[in-house]
Amino acid sequence: MRSLCILLAVLFIPWSFASAKYDEFEDGDDIMEYDDNDFAEFEDVSEDAITESPQRIITTEDDEEEATVELEGQDENQEDFDDADAQEGDTESEPYDDEEFEGYEEKPDASPSKSKDPITIVNVPAHLQNSWESYYMEILMVTGLLAYIMNYIIGKNKNNRLAQAWFSTHRELLESNFALVGDDGTNKEATSTGKLNQENEHIYNLWCSGRVCCEGMLIQLKFLKRQDLLNVLARMMRPACDQVQIKVTMNDEDMDTYVFAVGTRKALVRLQKEMQDLSEFCSDKPKSGAKYGLPDSLAILSEMGEVTEGMMDAKMVHFLTHYADKIESVQFSDQFSGPKLMQEDGQLTKLPETKKTLLFTFNVPGSGNTSPKDMESLLPLMSMVIYSIDKAKKFRLNREGKQKADKNRARVEENFLKLTHVQRQEAAQSRREEKKRAEKERIMNEEDPEKQRRLEEAALRREQKKMEKKQMKMKQIKVKAM
Amino acid sequence: RSVPGRGPRRYKAPPSEGSPALEDPTPDYMNLLGMGRGALAVPQLKWCAWIAVYCSFISFANSRSSEDTKQMMSSFMLSISAVVMSYLQNPQPMSPPW
(Lines give C-alpha, C1' and ligand atoms only; values in the text may rest on other atoms or scores of the structure.)
Protein backbone atom coordinates (compact mmCIF):
# COMPACT_ATOMS: atom_id res chain seq x y z
CA MET A 1 0.00 0.00 0.00
CA ARG A 2 2.84 2.38 0.71
CA SER A 3 4.21 1.67 -2.74
CA LEU A 4 0.80 2.60 -4.16
CA CYS A 5 1.00 5.98 -2.49
CA ILE A 6 4.48 6.57 -3.77
CA LEU A 7 3.32 5.60 -7.25
CA LEU A 8 0.46 8.09 -7.07
CA ALA A 9 2.81 10.80 -5.92
CA VAL A 10 5.26 9.99 -8.70
CA LEU A 11 2.50 10.10 -11.32
CA PHE A 12 1.96 13.73 -10.50
CA ILE A 13 5.38 14.72 -11.81
CA PRO A 14 4.77 14.33 -15.59
CA TRP A 15 1.32 15.84 -15.25
CA SER A 16 2.73 18.81 -13.44
CA PHE A 17 5.45 19.27 -16.05
CA ALA A 18 2.86 19.21 -18.81
CA SER A 19 0.65 21.75 -17.16
CA ALA A 20 3.60 23.98 -16.33
CA LYS A 21 4.48 24.21 -20.00
CA TYR A 22 0.90 25.10 -20.82
CA ASP A 23 1.00 27.86 -18.26
CA GLU A 24 4.07 29.36 -19.91
CA PHE A 25 2.32 29.60 -23.24
CA GLU A 26 -0.61 31.34 -21.71
CA ASP A 27 1.67 33.87 -20.08
CA GLY A 28 3.41 34.48 -23.38
CA ASP A 29 0.18 35.16 -25.15
CA ASP A 30 -0.90 37.62 -22.54
CA ILE A 31 2.29 39.60 -22.88
CA MET A 32 1.96 39.72 -26.64
CA GLU A 33 -1.56 40.95 -26.45
CA TYR A 34 -0.56 43.73 -24.18
CA ASP A 35 2.07 44.96 -26.61
CA ASP A 36 -0.41 44.99 -29.41
CA ASN A 37 -2.94 46.77 -27.28
CA ASP A 38 -0.51 49.61 -26.61
CA PHE A 39 -0.09 50.20 -30.28
CA ALA A 40 -3.70 49.63 -31.06
CA GLU A 41 -4.72 52.29 -28.61
CA PHE A 42 -2.87 54.96 -30.57
CA GLU A 43 -4.26 53.75 -33.83
CA ASP A 44 -7.81 53.82 -32.66
CA VAL A 45 -7.61 57.42 -31.48
CA SER A 46 -7.22 58.59 -35.09
CA GLU A 47 -10.66 58.46 -36.57
CA ASP A 48 -9.51 57.91 -40.11
CA ALA A 49 -9.27 54.22 -39.53
CA ILE A 50 -12.98 53.96 -38.97
CA THR A 51 -14.09 54.16 -42.56
CA GLU A 52 -11.12 52.34 -43.97
CA SER A 53 -11.17 49.37 -41.65
CA PRO A 54 -14.03 47.35 -43.13
CA GLN A 55 -11.99 47.04 -46.31
CA ARG A 56 -8.82 46.23 -44.42
CA ILE A 57 -10.23 43.05 -43.01
CA ILE A 58 -10.40 41.55 -46.46
CA THR A 59 -7.03 42.76 -47.71
CA THR A 60 -4.70 42.35 -44.77
CA GLU A 61 -5.62 39.03 -43.35
CA ASP A 62 -2.52 37.40 -44.75
CA ASP A 63 -0.15 39.28 -42.61
CA GLU A 64 -0.98 38.00 -39.18
CA GLU A 65 0.62 40.58 -36.99
CA GLU A 66 -0.90 43.52 -38.75
CA ALA A 67 -4.15 41.77 -38.98
CA THR A 68 -4.26 41.44 -35.22
CA VAL A 69 -3.67 45.10 -34.79
CA GLU A 70 -6.21 46.07 -37.35
CA LEU A 71 -8.63 43.45 -36.28
CA GLU A 72 -8.45 44.92 -32.85
CA GLY A 73 -9.12 48.33 -34.21
CA GLN A 74 -11.80 46.78 -36.34
CA ASP A 75 -13.34 44.97 -33.42
CA GLU A 76 -13.52 48.02 -31.35
CA ASN A 77 -14.95 50.01 -34.16
CA GLN A 78 -17.50 47.36 -34.98
CA GLU A 79 -18.60 47.36 -31.39
CA ASP A 80 -18.87 51.06 -31.44
CA PHE A 81 -20.75 50.82 -34.72
CA ASP A 82 -23.15 48.36 -33.18
CA ASP A 83 -23.57 50.40 -30.10
CA ALA A 84 -24.05 53.53 -32.09
CA ASP A 85 -26.54 51.87 -34.41
CA ALA A 86 -28.42 50.40 -31.56
CA GLN A 87 -28.63 53.57 -29.65
CA GLU A 88 -28.79 56.52 -32.02
CA GLY A 89 -28.09 55.58 -35.59
CA ASP A 90 -25.62 58.43 -35.80
CA THR A 91 -22.04 58.10 -36.80
CA GLU A 92 -19.63 57.48 -34.12
CA SER A 93 -17.60 60.53 -33.23
CA GLU A 94 -18.87 61.35 -29.75
CA PRO A 95 -20.01 58.00 -28.42
CA TYR A 96 -16.85 56.60 -29.93
CA ASP A 97 -14.72 58.64 -27.59
CA ASP A 98 -16.63 57.46 -24.54
CA GLU A 99 -16.77 53.93 -25.57
CA GLU A 100 -13.18 53.75 -26.56
CA PHE A 101 -12.24 52.90 -23.02
CA GLU A 102 -14.91 50.30 -22.68
CA GLY A 103 -13.84 48.57 -25.79
CA TYR A 104 -10.20 48.80 -24.75
CA GLU A 105 -10.75 46.45 -21.84
CA GLU A 106 -11.79 43.68 -24.08
CA LYS A 107 -9.06 44.05 -26.65
CA PRO A 108 -6.80 41.34 -25.30
CA ASP A 109 -9.60 38.91 -25.79
CA ALA A 110 -10.15 39.63 -29.43
CA SER A 111 -6.67 38.98 -30.77
CA PRO A 112 -6.08 35.35 -29.82
CA SER A 113 -9.16 34.32 -31.71
CA LYS A 114 -7.95 35.63 -35.11
CA SER A 115 -11.18 34.38 -36.53
CA LYS A 116 -13.00 35.63 -39.57
CA ASP A 117 -15.80 36.76 -37.33
CA PRO A 118 -14.47 39.94 -35.78
CA ILE A 119 -16.79 39.99 -32.82
CA THR A 120 -15.55 37.22 -30.61
CA ILE A 121 -15.79 38.19 -27.01
CA VAL A 122 -13.45 35.87 -25.22
CA ASN A 123 -13.23 35.91 -21.46
CA VAL A 124 -10.52 37.99 -19.93
CA PRO A 125 -7.81 35.75 -18.52
CA ALA A 126 -8.65 35.50 -14.90
CA HIS A 127 -5.55 36.99 -13.38
CA LEU A 128 -5.99 40.19 -15.32
CA GLN A 129 -9.29 40.82 -13.67
CA ASN A 130 -9.11 42.34 -10.28
CA SER A 131 -11.91 40.36 -8.80
CA TRP A 132 -11.95 37.72 -6.13
CA GLU A 133 -14.52 35.69 -8.01
CA SER A 134 -11.93 34.24 -10.33
CA TYR A 135 -10.22 32.60 -7.38
CA TYR A 136 -13.27 30.57 -6.54
CA MET A 137 -11.38 27.26 -6.43
CA GLU A 138 -8.96 28.64 -3.89
CA ILE A 139 -11.79 30.02 -1.84
CA LEU A 140 -13.43 26.61 -1.98
CA MET A 141 -10.24 24.94 -0.80
CA VAL A 142 -9.78 27.34 2.06
CA THR A 143 -13.42 26.94 3.02
CA GLY A 144 -12.94 23.19 3.01
CA LEU A 145 -9.96 23.52 5.29
CA LEU A 146 -11.84 25.78 7.63
CA ALA A 147 -14.72 23.32 7.69
CA TYR A 148 -12.27 20.56 8.56
CA ILE A 149 -10.76 22.59 11.38
CA MET A 150 -14.21 23.47 12.72
CA ASN A 151 -15.20 19.81 12.67
CA TYR A 152 -11.97 18.91 14.42
CA ILE A 153 -12.68 21.29 17.27
CA ILE A 154 -16.32 20.31 17.56
CA GLY A 155 -15.59 16.57 17.39
CA LYS A 156 -12.79 16.78 19.91
CA ASN A 157 -14.98 18.65 22.35
CA LYS A 158 -17.85 16.24 21.94
CA ASN A 159 -15.64 13.25 22.61
CA ASN A 160 -14.26 14.99 25.64
CA ARG A 161 -17.72 15.74 26.98
CA LEU A 162 -18.82 12.15 26.46
CA ALA A 163 -15.75 10.86 28.26
CA GLN A 164 -16.25 13.16 31.21
CA ALA A 165 -19.92 12.25 31.38
CA TRP A 166 -19.01 8.56 31.46
CA PHE A 167 -16.45 9.10 34.14
CA SER A 168 -18.67 11.19 36.38
CA THR A 169 -21.38 8.54 36.15
CA HIS A 170 -19.10 5.64 36.94
CA ARG A 171 -16.76 7.29 39.36
CA GLU A 172 -18.62 6.36 42.48
CA LEU A 173 -18.93 2.71 41.62
CA LEU A 174 -15.29 2.49 40.67
CA GLU A 175 -14.04 4.27 43.74
CA SER A 176 -16.05 2.00 45.98
CA ASN A 177 -14.55 -1.08 44.38
CA PHE A 178 -10.99 -0.10 43.64
CA ALA A 179 -8.34 1.51 45.77
CA LEU A 180 -6.57 3.12 42.86
CA VAL A 181 -8.69 4.82 40.24
CA GLY A 182 -6.85 6.52 37.46
CA ASP A 183 -3.15 6.09 37.05
CA ASP A 184 -0.98 7.00 34.12
CA GLY A 185 2.16 5.35 35.36
CA THR A 186 4.16 8.54 35.57
CA ASN A 187 3.96 9.32 39.28
CA LYS A 188 6.45 7.73 41.62
CA GLU A 189 3.80 6.76 44.13
CA ALA A 190 0.61 4.89 43.43
CA THR A 191 -1.88 7.68 43.92
CA SER A 192 -5.21 7.98 42.21
CA THR A 193 -5.20 10.73 39.67
CA GLY A 194 -8.95 10.61 39.74
CA LYS A 195 -9.29 11.39 36.06
CA LEU A 196 -9.19 9.79 32.68
CA ASN A 197 -5.98 9.45 30.78
CA GLN A 198 -6.46 10.92 27.34
CA GLU A 199 -4.43 8.95 24.86
CA ASN A 200 -5.87 10.51 21.77
CA GLU A 201 -8.65 12.73 20.55
CA HIS A 202 -10.90 9.68 20.54
CA ILE A 203 -9.39 7.21 23.02
CA TYR A 204 -9.49 7.62 26.78
CA ASN A 205 -7.99 5.18 29.27
CA LEU A 206 -8.62 4.52 32.91
CA TRP A 207 -6.61 2.15 35.04
CA CYS A 208 -8.16 0.85 38.23
CA SER A 209 -6.44 -1.37 40.66
CA GLY A 210 -6.47 -2.43 44.25
CA ARG A 211 -9.21 -4.98 44.55
CA VAL A 212 -9.25 -8.56 45.67
CA CYS A 213 -9.12 -11.18 42.93
CA CYS A 214 -7.86 -8.97 40.18
CA GLU A 215 -4.55 -7.37 39.41
CA GLY A 216 -6.18 -4.47 37.73
CA MET A 217 -8.74 -3.26 35.29
CA LEU A 218 -8.07 -1.19 32.23
CA ILE A 219 -11.04 0.66 30.80
CA GLN A 220 -10.73 2.08 27.31
CA LEU A 221 -13.30 4.47 25.96
CA LYS A 222 -12.96 4.04 22.22
CA PHE A 223 -15.01 6.81 20.70
CA LEU A 224 -15.64 7.39 17.05
CA LYS A 225 -13.22 9.68 15.32
CA ARG A 226 -15.49 12.68 15.44
CA GLN A 227 -12.54 14.98 15.01
CA ASP A 228 -11.80 13.70 11.50
CA LEU A 229 -14.19 14.96 8.84
CA LEU A 230 -13.41 12.08 6.52
CA ASN A 231 -14.41 9.64 9.21
CA VAL A 232 -17.62 11.56 9.87
CA LEU A 233 -18.52 11.33 6.20
CA ALA A 234 -17.62 7.64 6.06
CA ARG A 235 -19.85 7.00 9.03
CA MET A 236 -22.77 8.45 7.14
CA MET A 237 -22.42 5.51 4.78
CA ARG A 238 -21.63 2.91 7.40
CA PRO A 239 -22.96 3.61 10.90
CA ALA A 240 -20.77 2.64 13.80
CA CYS A 241 -20.89 3.10 17.55
CA ASP A 242 -18.66 4.23 20.33
CA GLN A 243 -17.30 1.36 22.35
CA VAL A 244 -16.22 0.82 25.89
CA GLN A 245 -13.66 -1.90 26.31
CA ILE A 246 -12.87 -3.26 29.76
CA LYS A 247 -9.99 -5.61 30.37
CA VAL A 248 -9.69 -7.19 33.79
CA THR A 249 -6.46 -8.96 34.57
CA MET A 250 -7.02 -11.66 37.15
CA ASN A 251 -4.58 -12.97 39.67
CA ASP A 252 -3.26 -16.41 38.84
CA GLU A 253 -4.76 -18.06 41.85
CA ASP A 254 -8.13 -16.43 41.48
CA MET A 255 -9.30 -17.94 38.25
CA ASP A 256 -9.59 -21.51 37.09
CA THR A 257 -8.53 -22.71 33.68
CA TYR A 258 -11.24 -22.24 31.07
CA VAL A 259 -12.04 -20.28 27.96
CA PHE A 260 -15.50 -18.90 27.45
CA ALA A 261 -17.15 -16.16 25.41
CA VAL A 262 -20.62 -14.78 24.90
CA GLY A 263 -21.74 -12.01 22.59
CA THR A 264 -23.37 -11.15 19.30
CA ARG A 265 -22.96 -13.85 16.69
CA LYS A 266 -21.11 -11.57 14.32
CA ALA A 267 -18.67 -10.48 16.99
CA LEU A 268 -18.01 -14.04 18.12
CA VAL A 269 -17.33 -15.26 14.60
CA ARG A 270 -14.83 -12.47 14.16
CA LEU A 271 -13.20 -13.07 17.53
CA GLN A 272 -12.95 -16.77 16.91
CA LYS A 273 -10.89 -16.03 13.84
CA GLU A 274 -8.79 -13.29 15.35
CA MET A 275 -8.15 -14.26 18.94
CA GLN A 276 -5.43 -16.77 19.67
CA ASP A 277 -7.14 -18.47 22.59
CA LEU A 278 -10.64 -18.63 21.17
CA SER A 279 -9.41 -20.17 17.94
CA GLU A 280 -7.40 -22.82 19.74
CA PHE A 281 -9.71 -23.82 22.55
CA CYS A 282 -13.19 -23.15 21.23
CA SER A 283 -13.28 -25.01 17.99
CA ASP A 284 -17.06 -25.25 17.59
CA LYS A 285 -19.14 -22.57 15.98
CA PRO A 286 -20.92 -20.12 18.26
CA LYS A 287 -23.99 -21.77 19.70
CA SER A 288 -27.28 -20.18 20.46
CA GLY A 289 -27.86 -19.28 24.06
CA ALA A 290 -31.60 -19.85 23.93
CA LYS A 291 -31.21 -22.92 26.14
CA TYR A 292 -30.19 -20.68 28.99
CA GLY A 293 -32.74 -18.04 28.34
CA LEU A 294 -30.59 -15.69 26.35
CA PRO A 295 -32.07 -13.68 23.49
CA ASP A 296 -31.45 -14.81 19.94
CA SER A 297 -29.03 -12.04 19.23
CA LEU A 298 -26.47 -13.53 21.60
CA ALA A 299 -24.41 -16.65 21.05
CA ILE A 300 -21.94 -18.65 23.14
CA LEU A 301 -18.45 -19.96 22.49
CA SER A 302 -17.18 -22.31 25.13
CA GLU A 303 -14.37 -24.75 25.78
CA MET A 304 -16.68 -27.23 27.40
CA GLY A 305 -20.31 -27.51 28.39
CA GLU A 306 -19.56 -27.45 32.08
CA VAL A 307 -18.13 -23.98 31.83
CA THR A 308 -21.24 -22.68 30.10
CA GLU A 309 -23.40 -24.26 32.76
CA GLY A 310 -21.38 -22.70 35.47
CA MET A 311 -21.26 -19.26 33.92
CA MET A 312 -24.89 -18.94 32.98
CA ASP A 313 -26.38 -18.51 36.40
CA ALA A 314 -29.51 -16.52 36.99
CA LYS A 315 -27.90 -13.18 37.60
CA MET A 316 -25.63 -13.38 34.62
CA VAL A 317 -28.53 -14.34 32.38
CA HIS A 318 -30.47 -11.42 33.77
CA PHE A 319 -27.65 -9.04 32.93
CA LEU A 320 -27.20 -10.45 29.48
CA THR A 321 -30.88 -10.39 28.57
CA HIS A 322 -31.55 -6.91 29.85
CA TYR A 323 -28.57 -5.27 28.24
CA ALA A 324 -28.21 -7.44 25.17
CA ASP A 325 -28.31 -4.47 22.83
CA LYS A 326 -25.30 -2.93 24.49
CA ILE A 327 -23.17 -6.06 24.71
CA GLU A 328 -20.80 -6.75 21.87
CA SER A 329 -18.71 -9.48 23.47
CA VAL A 330 -17.70 -10.90 26.82
CA GLN A 331 -14.66 -13.15 27.03
CA PHE A 332 -13.30 -15.04 30.02
CA SER A 333 -10.02 -16.75 29.35
CA ASP A 334 -7.07 -18.08 31.23
CA GLN A 335 -5.06 -18.34 28.05
CA PHE A 336 -5.60 -14.83 26.82
CA SER A 337 -2.76 -13.50 24.73
CA GLY A 338 -4.49 -11.05 22.49
CA PRO A 339 -5.11 -11.37 18.79
CA LYS A 340 -3.19 -13.83 16.67
CA LEU A 341 0.19 -12.43 15.91
CA MET A 342 1.17 -12.34 12.28
CA GLN A 343 4.74 -13.42 12.51
CA GLU A 344 7.09 -14.53 9.81
CA ASP A 345 7.94 -18.17 9.68
CA GLY A 346 10.85 -19.07 11.83
CA GLN A 347 10.20 -16.42 14.41
CA LEU A 348 7.38 -18.26 16.12
CA THR A 349 9.55 -20.36 18.39
CA LYS A 350 7.77 -19.66 21.63
CA LEU A 351 4.17 -19.64 22.66
CA PRO A 352 2.93 -16.13 23.34
CA GLU A 353 2.57 -15.20 26.96
CA THR A 354 -0.86 -15.67 28.41
CA LYS A 355 -2.67 -13.91 31.17
CA LYS A 356 -5.88 -14.73 32.96
CA THR A 357 -8.22 -12.10 31.62
CA LEU A 358 -11.82 -11.06 31.49
CA LEU A 359 -12.52 -8.93 28.44
CA PHE A 360 -15.73 -6.96 27.95
CA THR A 361 -16.71 -4.92 24.91
CA PHE A 362 -19.81 -2.77 25.18
CA ASN A 363 -21.51 -0.66 22.56
CA VAL A 364 -22.65 2.76 23.60
CA PRO A 365 -26.29 3.29 22.60
CA GLY A 366 -27.07 5.93 20.04
CA SER A 367 -24.91 4.45 17.26
CA GLY A 368 -22.88 7.57 16.74
CA ASN A 369 -25.34 10.19 17.82
CA THR A 370 -24.56 9.72 21.47
CA SER A 371 -25.32 12.28 24.07
CA PRO A 372 -23.73 12.49 27.52
CA LYS A 373 -26.95 11.13 29.00
CA ASP A 374 -26.44 7.82 27.24
CA MET A 375 -23.44 7.20 29.41
CA GLU A 376 -25.68 6.63 32.39
CA SER A 377 -27.19 3.62 30.73
CA LEU A 378 -23.79 1.91 30.83
CA LEU A 379 -23.63 1.94 34.61
CA PRO A 380 -25.41 -1.38 35.08
CA LEU A 381 -22.87 -2.93 32.76
CA MET A 382 -20.11 -1.93 35.09
CA SER A 383 -21.98 -3.71 37.85
CA MET A 384 -21.99 -6.76 35.61
CA VAL A 385 -18.24 -6.49 35.29
CA ILE A 386 -17.76 -6.37 39.03
CA TYR A 387 -20.10 -9.29 39.44
CA SER A 388 -18.18 -11.25 36.83
CA ILE A 389 -14.92 -10.69 38.63
CA ASP A 390 -16.32 -12.20 41.79
CA LYS A 391 -17.95 -14.98 39.84
CA ALA A 392 -14.75 -15.90 38.06
CA LYS A 393 -13.05 -16.20 41.40
CA LYS A 394 -15.74 -18.40 42.83
CA PHE A 395 -16.24 -20.67 39.86
CA ARG A 396 -14.11 -23.79 39.96
CA LEU A 397 -14.19 -26.72 37.59
CA ASN A 398 -14.87 -30.12 39.01
CA ARG A 399 -12.38 -32.93 38.60
CA GLU A 400 -13.57 -34.05 35.21
CA GLY A 401 -13.62 -30.56 33.91
CA LYS A 402 -10.15 -29.90 35.20
CA GLN A 403 -8.82 -33.02 33.52
CA LYS A 404 -10.38 -32.04 30.25
CA ALA A 405 -9.00 -28.56 30.51
CA ASP A 406 -5.50 -29.79 31.26
CA LYS A 407 -5.67 -32.19 28.37
CA ASN A 408 -6.73 -29.40 26.06
CA ARG A 409 -3.89 -27.19 27.10
CA ALA A 410 -1.37 -29.99 26.75
CA ARG A 411 -2.73 -30.73 23.29
CA VAL A 412 -2.41 -27.15 22.19
CA GLU A 413 1.13 -26.96 23.42
CA GLU A 414 2.07 -30.18 21.68
CA ASN A 415 0.59 -28.98 18.41
CA PHE A 416 2.50 -25.82 18.71
CA LEU A 417 5.76 -27.62 19.35
CA LYS A 418 5.18 -29.94 16.41
CA LEU A 419 4.46 -27.01 14.16
CA THR A 420 7.54 -25.21 15.21
CA HIS A 421 9.75 -28.28 15.41
CA VAL A 422 10.55 -28.13 11.76
CA GLN A 423 11.09 -24.41 11.97
CA ARG A 424 13.30 -24.73 15.02
CA GLN A 425 15.38 -27.38 13.33
CA GLU A 426 15.82 -25.19 10.30
CA ALA A 427 16.74 -22.27 12.49
CA ALA A 428 19.39 -24.33 14.31
CA GLN A 429 20.73 -25.64 11.01
CA SER A 430 21.03 -22.21 9.52
CA ARG A 431 22.77 -20.99 12.65
CA ARG A 432 25.32 -23.76 12.40
CA GLU A 433 25.95 -23.02 8.77
CA GLU A 434 26.42 -19.37 9.57
CA LYS A 435 29.02 -20.22 12.14
CA LYS A 436 30.93 -22.40 9.71
CA ARG A 437 30.84 -19.75 7.05
CA ALA A 438 32.07 -17.13 9.45
CA GLU A 439 34.94 -19.31 10.49
CA LYS A 440 35.92 -20.05 6.93
CA GLU A 441 35.89 -16.39 6.15
CA ARG A 442 38.09 -15.66 9.10
CA ILE A 443 40.54 -18.27 7.92
CA MET A 444 40.55 -16.85 4.41
CA ASN A 445 41.02 -13.34 5.63
CA GLU A 446 43.95 -14.25 7.78
CA GLU A 447 46.96 -12.79 6.07
CA ASP A 448 49.61 -14.64 7.94
CA PRO A 449 49.95 -18.08 6.25
CA GLU A 450 51.12 -19.62 9.50
CA LYS A 451 48.01 -18.53 11.33
CA GLN A 452 45.90 -19.71 8.44
CA ARG A 453 47.30 -23.16 8.61
CA ARG A 454 46.84 -23.31 12.34
CA LEU A 455 43.21 -22.18 12.17
CA GLU A 456 42.50 -24.71 9.45
CA GLU A 457 43.97 -27.45 11.51
CA ALA A 458 41.93 -26.38 14.53
CA ALA A 459 38.75 -26.42 12.44
CA LEU A 460 39.59 -29.87 11.11
CA ARG A 461 40.18 -31.20 14.59
CA ARG A 462 36.87 -29.83 15.80
CA GLU A 463 35.04 -31.48 12.94
CA GLN A 464 36.70 -34.78 13.62
CA LYS A 465 35.64 -34.61 17.24
CA LYS A 466 32.09 -33.99 16.23
CA MET A 467 32.09 -36.97 13.92
CA GLU A 468 33.44 -39.14 16.70
CA LYS A 469 30.75 -37.97 19.07
CA LYS A 470 28.07 -38.76 16.57
CA GLN A 471 29.42 -42.20 16.02
CA MET A 472 29.47 -42.82 19.74
CA LYS A 473 25.86 -41.78 20.01
CA MET A 474 24.83 -44.05 17.20
CA LYS A 475 26.60 -46.94 18.88
CA GLN A 476 24.88 -46.25 22.16
CA ILE A 477 21.48 -46.15 20.51
CA LYS A 478 22.17 -49.44 18.81
CA VAL A 479 23.22 -51.01 22.09
CA LYS A 480 20.10 -49.74 23.81
CA ALA A 481 17.91 -51.00 21.05
CA MET A 482 19.40 -54.38 21.45
CA ARG B 1 -14.46 -2.71 51.44
CA SER B 2 -11.71 -5.28 51.83
CA VAL B 3 -8.14 -4.10 51.92
CA PRO B 4 -6.08 -5.48 49.08
CA GLY B 5 -3.32 -7.81 50.20
CA ARG B 6 -0.63 -6.85 47.77
CA GLY B 7 -1.46 -3.25 47.25
CA PRO B 8 -2.66 -1.78 43.99
CA ARG B 9 -0.73 -2.43 40.81
CA ARG B 10 0.57 0.47 38.79
CA TYR B 11 -0.55 1.26 35.31
CA LYS B 12 1.81 0.13 32.64
CA ALA B 13 1.14 1.27 29.14
CA PRO B 14 0.52 -1.92 27.21
CA PRO B 15 3.62 -2.93 25.25
CA SER B 16 1.97 -3.30 21.88
CA GLU B 17 -1.73 -2.82 21.50
CA GLY B 18 -2.24 -5.41 18.80
CA SER B 19 0.16 -3.80 16.34
CA PRO B 20 -1.52 -0.43 15.94
CA ALA B 21 0.05 0.11 12.58
CA LEU B 22 -2.08 -2.67 11.11
CA GLU B 23 -5.28 -1.59 12.78
CA ASP B 24 -5.34 1.92 11.57
CA PRO B 25 -2.96 2.86 8.82
CA THR B 26 -4.73 6.11 8.03
CA PRO B 27 -2.35 8.54 9.69
CA ASP B 28 0.69 6.86 8.21
CA TYR B 29 -0.69 6.93 4.68
CA MET B 30 -1.91 10.44 4.97
CA ASN B 31 1.43 11.58 6.26
CA LEU B 32 3.27 9.83 3.48
CA LEU B 33 0.89 11.10 0.84
CA GLY B 34 1.12 14.62 2.12
CA MET B 35 4.86 14.70 2.26
CA GLY B 36 5.24 12.99 -1.09
CA ARG B 37 2.95 15.42 -2.84
CA GLY B 38 4.46 18.40 -1.12
CA ALA B 39 7.96 17.39 -2.03
CA LEU B 40 7.29 16.50 -5.62
CA ALA B 41 4.95 19.25 -6.56
CA VAL B 42 6.71 22.15 -5.00
CA PRO B 43 6.44 24.94 -7.51
CA GLN B 44 4.39 23.35 -10.19
CA LEU B 45 1.00 21.98 -9.59
CA LYS B 46 -1.35 23.77 -7.30
CA TRP B 47 -3.63 20.79 -6.98
CA CYS B 48 -0.84 18.70 -5.55
CA ALA B 49 0.02 21.35 -3.05
CA TRP B 50 -3.55 21.76 -1.86
CA ILE B 51 -4.06 18.04 -1.54
CA ALA B 52 -0.84 17.84 0.43
CA VAL B 53 -2.20 20.41 2.83
CA TYR B 54 -5.38 18.39 3.24
CA CYS B 55 -3.39 15.21 3.78
CA SER B 56 -1.34 16.74 6.51
CA PHE B 57 -4.47 18.04 8.27
CA ILE B 58 -6.12 14.63 8.06
CA SER B 59 -3.01 12.96 9.35
CA PHE B 60 -2.93 15.34 12.28
CA ALA B 61 -6.56 14.64 13.17
CA ASN B 62 -6.02 10.89 13.01
CA SER B 63 -2.77 10.90 14.87
CA ARG B 64 -2.15 8.46 17.64
CA SER B 65 -0.52 9.66 20.79
CA SER B 66 2.73 7.95 19.88
CA GLU B 67 3.09 9.92 16.67
CA ASP B 68 6.01 12.22 16.52
CA THR B 69 4.88 15.83 16.54
CA LYS B 70 8.00 16.84 14.67
CA GLN B 71 6.98 14.74 11.71
CA MET B 72 3.53 16.23 11.80
CA MET B 73 4.86 19.76 11.87
CA SER B 74 7.33 19.11 9.09
CA SER B 75 4.66 17.69 6.79
CA PHE B 76 2.48 20.69 7.65
CA MET B 77 5.21 23.18 6.85
CA LEU B 78 6.16 21.39 3.68
CA SER B 79 2.66 21.36 2.31
CA ILE B 80 1.99 25.00 3.21
CA SER B 81 5.25 26.08 1.64
CA ALA B 82 4.32 24.10 -1.47
CA VAL B 83 1.07 26.05 -1.75
CA VAL B 84 2.77 29.38 -1.17
CA MET B 85 5.52 28.71 -3.67
CA SER B 86 3.18 27.54 -6.36
CA TYR B 87 1.18 30.74 -6.04
CA LEU B 88 4.23 32.95 -6.05
CA GLN B 89 5.42 31.35 -9.21
CA ASN B 90 2.06 31.22 -10.89
CA PRO B 91 -0.47 33.69 -9.52
CA GLN B 92 -3.22 32.50 -11.81
CA PRO B 93 -6.15 31.01 -10.02
CA MET B 94 -6.58 27.28 -10.10
CA SER B 95 -8.64 25.85 -12.88
CA PRO B 96 -11.03 23.03 -12.06
CA PRO B 97 -10.10 19.68 -13.56
CA TRP B 98 -13.34 19.28 -15.47
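Throughout, a chain's letter reflects where its sequence line sits, starting with A, and its residues are numbered from 1.
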- Kindly give the heavy-atom pair with the smallest separation between B:Y54 and A:L140, and that separation in Å. OH-O, 4.5 Å
- Between A:L145, A:N151, A:T249, which has the largest tally of heavy atom pairs under 4.5 Å with chain B? A:L145
- Query: B:F57 versus A:I149: any side-chain heavy-atom pair under 4.5 Å?
  - Reply: yes
- Message: Would you say NZ of A:K158 has more than 12 non-hydrogen atoms from neighbouring residues, nucleotides or ligands within 6.0 angstrom?
- Response: yes
- Nearest 0.5 Å, what's the OH-CD distance between B:Y87 and A:E138? 2.5 Å
- May I ask you to decide if the ring planes of B:F60 and A:Y152 are parallel, tilted or perpendicular, using 30° and 60° as cut-offs? tilted
- Query: Atom CD in A:E201, atom CG in B:N62: separation rounded to 0.5 Å?
  - Reply: 10.5 Å
- Item | Which atoms of A:I203 approach chain B - backbone, side chain, both or neither, heavy atom under 4.5 Å | neither
- ring pair (Phe, Tyr, Trp, His ring centres under 6.0 Å) partners of A:F167, counting only residues at least two apart: none
